[in-house]
Amino acid sequence: MFKTLVNAWKLADLRKKMLYTLIVILLYRVGVAIPIPYLDSNMLSSYMALTDGSIFQYLNILSGNAFSQATLFALGVSPYITSSIVMQLLTIAIPALENMAKEGEDGRKKINKITRYVTVGLALVTAYGYYMLLRNNGVLVDTGVFAAIVIIASYCAGAALVMWLGEKINENGIGNGISMILFANIVSSAPSMLSTFWANLVNGTISGPIIAIVSLIMGLAMVVFIVFMHDSERRLPIQYAKKVVGRKMYGGQSSTLPLKLTMTGVMPIIFANSISTIPATIALFFPTPAEGSFWAGFLKLFSSQSIFYAILTFALIIAFAYFYTAISFNPIEVSNNLKKNGGFIPGIRPGKPTAEYITKILNRITLIGAIMLSFVAVVPMIANIIAGGALGSLAFSGNSIIIVVGVILETVRELESQMTMRHYKGFLE
């Protein structure tokens, strides 16, 4: 990996893209530190200390500590990710959007434009919910109408700016913009997670060092396991028929069709977490329910320290893995391309039987990969429940490690592919 980065840095255009990405991330981190007005910082710190180990702590990790500090980028990338999920679902459900998606580059631009509007709408709703959370817990020094408008507008502008920064990375930088911002946010949260680890390690009780050591071993094992998942693939053998053109014979070669175990990357994790946090987000609109009431029990059910939340996350990751695979990989199109080029899978007839065979293999691979992703994401949550919440932010380390390792591997692969294109030696040279 480091060798790839060094080699990419030597190329002027790739170095320019890497610097551009770093500058955009730096600008994003500046926005994370910009406070909004009308906040009582002492009350905010006291309230956020009570959310340790809750879903709000996970939102704080994804936002790079902006959520706990109520700064300009407190909403982070959540509105954009949620709007992307909504648009992908609507593209399948609404024929007009489906036809638009098939129009090529022009259709993609139209869908992206609609996604931006949906992002602003969701940001407005979420910003109002976050404002209600701050107001209901006495964090604001001014609860007037003008203060509400300023705070909500600031959060909406911050969410729109985050979306714009992510798109700029897509256009002029390296890697997926939103994934790179998520990566920067999680890495910036590492010091607080390490401080929790160190506090457990130096804890005078017996359980403290045990929790720290178990967390370290679990983290290292998950990194190795995630790298293994990303490098695993099923290779379907492809044989090309021989063709005689004039006096020459073409084809007759054998190749493979690689189907990656984690074809969807980190997207199922991001999608699942966005959906899992919806009940907590809706709860921001209302005052904190009384202890023992129905709504208090309902919110406790969706707490990160609930077994139900872990099971829900597990199921959603599997569901979104199948969903994202269905919209990103088309077996019928692959089968048609093989047939046009004279290729076939040995023992399988070209056309519809080939598409059905690829679909069957793809479903099995997706299930195995999704279960592995879910396992890595949920195990730290269950460990935190068993430990009585002692792991704190480490309960979300599975999700964080998957995103970080996935983004690193995908970025390195993109760098390698671009370096390969720039060093290609062919008949044009």
Side-chain angles (χ1 to χ4, degrees), residues 1 21-22 24-33 48 51-69 71 73-82 158-159 162-163 165-166 169 173-198 215-216 218-227 229-230 262 264-274 276-277 304 313 317 373-374 376-381 383-384 391-412:
M1 182 184 72
T21 303
L22 291 175
V24 172
I25 292 176
L26 178 61
L27 291 175
Y28 173 82
R29 294 303 304 169
V30 171
V32 168
M48 288 301 172
T51 64
D52 186 42
S54 69
I55 192 62
F56 298 120
Q57 191 172 24
Y58 180 66
L59 294 175
N60 187 44
I61 293 174
L62 293 184
S63 65
N65 293 324
F67 185 87
S68 63
Q69 299 172 7
T71 55
F73 290 162
L75 301 185
V77 299
S78 298
Y80 183 77
I81 292 174
T82 306
V162 170
M163 175 182 63
L165 292 174
I169 293 178
I174 290 292
N176 181 276
I178 297 301
S179 297
M180 295 300 291
I181 290 176
L182 267 178
F183 171 81
N185 288 342
I186 294 173
V187 171
S188 68
S189 303
S192 61
M193 297 180 69
L194 290 176
S195 64
T196 303
F197 173 82
W198 180 254
S215 300
L216 179 61
M218 186 183 300
L220 294 176
M222 283 193 295
V223 170
V224 175
F225 187 63
I226 293 168
V227 173
M229 284 194 303
H230 277 271
T262 55
T264 56
V266 301
M267 297 311 295
I269 296 289
I270 298 174
F271 287 176
N273 289 323
S274 298
S276 299
T277 57
S304 61
T313 303
I317 292 174
L373 282 176
S374 303
V376 174
V378 169
V379 164
M381 296 182 187
N384 184 50
L391 296 182
S393 59
L394 293 176
F396 305 109
S397 60
N399 297 331
S400 302
I401 293 175
I402 289 174
I403 294 174
V404 169
V405 176
V407 171
I408 291 175
L409 293 177
E410 290 173 5
T411 305
V412 169

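Just so you know, these numbers come straight off a predicted model, no measurement behind them.
- Residues passing the side chain to side chain contact (heavy atoms under 4.5 Å, CB included) test with Ser78, sequence neighbours excluded: none.
- Residues satisfying the side chain to side chain contact (heavy atoms under 4.5 Å, CB included) test with Val187, not counting sequence neighbours, are Phe183.
- A pairwise comparison of heavy atoms in Pro268 and Ile317 identifies CB-O, 3.7 Å as the closest pair.
- For the residue pair Ser63 and Tyr28, the shortest heavy atom distance occurs at O-OH, 3.7 Å.
- To the nearest 0.5 Å, atoms CD1 (Ile178) and CD1 (Ile169) are separated by 8.0 Å.
- Here the OG1 atom belonging to Thr21 is positioned 10.5 Å from the CD1 atom belonging to Ile181, to the nearest 0.5 angstrom.
- Taking both residues in full, the closest heavy atoms of Met180 and Ile25 are given as O-CD1, 4.2 Å, listed atom of the first, atom of the second, then distance.
- In this view, Gln69 and Asn65, Thr71 satisfy the side chain to side chain contact (heavy atoms under 4.5 Å, CB included) rule, not counting sequence neighbours.
- The closest side-chain heavy-atom distance from Arg29 to Asn185 is below 4.5 Å.
- Between Ile186 and Val407 there is no side-chain heavy-atom pair separated by less than 4.5 Å.
- Taking each heavy atom of Ala66 and Phe73 in turn, the nearest pair found is CB-O, 3.5 Å.
- Shown here for Asn176 and Ser179, the closest heavy-atom pair between the two residues is OD1-N, 3.1 Å.
- Nearest heavy-atom pair, Ala159 versus Pro79, reported as atom, atom and distance to 0.1 Å: CB-CG, 4.1 Å.
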